[in-house]
Amino acid sequence: GPYAYIKNKLRSPGPAKIRAKISYVKRDMFDEIRKAIKSTKDPVKRNMLQRDSKEIYTYLNAVFKQVESELEQEENE
C-alpha cells in the first residue's frame, strides 16, 4: 500500500533530509492524483474523484506524518 511505497521512497539514498524527501514524494503523489482527476472526461466521475480526493489527501498526510516520525526515530537511534 501507500505506507510501504512512501517508506521505500524515503529510504532511497540521496542528500536530502527526511523532511525534504517527504515533501518531494508528497508533491509527486498529489500531482499524480490531480492529473488523474483532470484527465477524467466524464464530469460526474470527475466530481466524485474530486470529492473523494479530499479524503485521500487526509489519509496520505497521516501516512506521511507516521512515516516521518518513524524514520526520524530510526535516524536518532
Side-chain angles (χ1 to χ4, degrees):
Y3 176 84
Y5 172 81
I6 292 166
K7 200 153 184 178
N8 288 336
K9 280 284 200 190
L10 297 176
R11 280 215 168 108
S12 63
K17 293 284 178 216
I18 290 170
R19 281 214 171 103
K21 285 183 182 180
I22 284 177
S23 67
Y24 296 138
V25 175
K26 186 191 278 189
R27 181 199 62 206
D28 291 348
M29 289 178 81
F30 287 6
D31 283 350
E32 288 302 316
I33 292 169
R34 280 192 281 276
K35 278 187 218 164
I37 292 170
K38 240 184 201 177
S39 70
T40 302
K41 302 286 183 238
D42 180 352
V44 175
K45 252 187 190 165
R46 192 177 325 118
N47 284 340
M48 285 173 52
L49 288 171
Q50 283 175 324
R51 190 188 64 231
D52 294 346
S53 70
K54 290 179 181 82
E55 287 179 33
I56 293 167
Y57 292 143
T58 301
Y59 169 73
L60 286 176
N61 278 321
V63 173
F64 276 109
K65 276 194 176 104
Q66 179 183 350
V67 171
E68 180 181 6
S69 67
E70 286 177 16
L71 289 175
E72 284 177 344
Q73 281 177 348
E74 288 174 17
E75 208 175 56
N76 294 329
E77 285 175 359

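Applying the side chain to side chain contact (heavy atoms under 4.5 Å, CB included) criterion to Lys45, with sequence neighbours excluded, gives Thr40, Asp42. Partners of Arg27 under the side chain to side chain contact (heavy atoms under 4.5 Å, CB included) rule, at least two apart in sequence or in another chain, are Tyr24, Asp31.
Within 6.0 Å of the OH atom in Tyr57, the count of heavy atoms belonging to other residues, nucleotides or ligands exceeds 12.
Note that the CZ atom of Arg46 and the NZ atom of Lys41 stand 8.0 Å from one another [nearest 0.5 Å]. Remark: Phe30 CZ to Ser23 OG distance equals 11.5 Å, nearest 0.5 Å. A distance of 8.5 Å separates CD1 in Ile6 from CD1 in Ile22, rounded to the nearest 0.5 Å.
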Evaluate side-chain contact (heavy atoms from CB on, under 4.5 Å) for Ile33 paired with Leu49, printing each intermediate quantity in order. CA-CA 9 Å; Ile33 292 169; Leu49 288 171; over 6 Å; no

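Linking Ile, Leu, Val, Met, Phe, Trp and Tyr residues whenever their side-chain heavy atoms come within less than 4.5 Å places Tyr59 and Ile37 in a single cluster.
Taking a cutoff of 4.0 Å between a charged side-chain nitrogen and a carboxylate oxygen, Lys35 and Glu32 qualify as a salt bridge.
At least one side-chain heavy atom of Lys26 sits under 4.5 Å from a side-chain heavy atom of Asn61.
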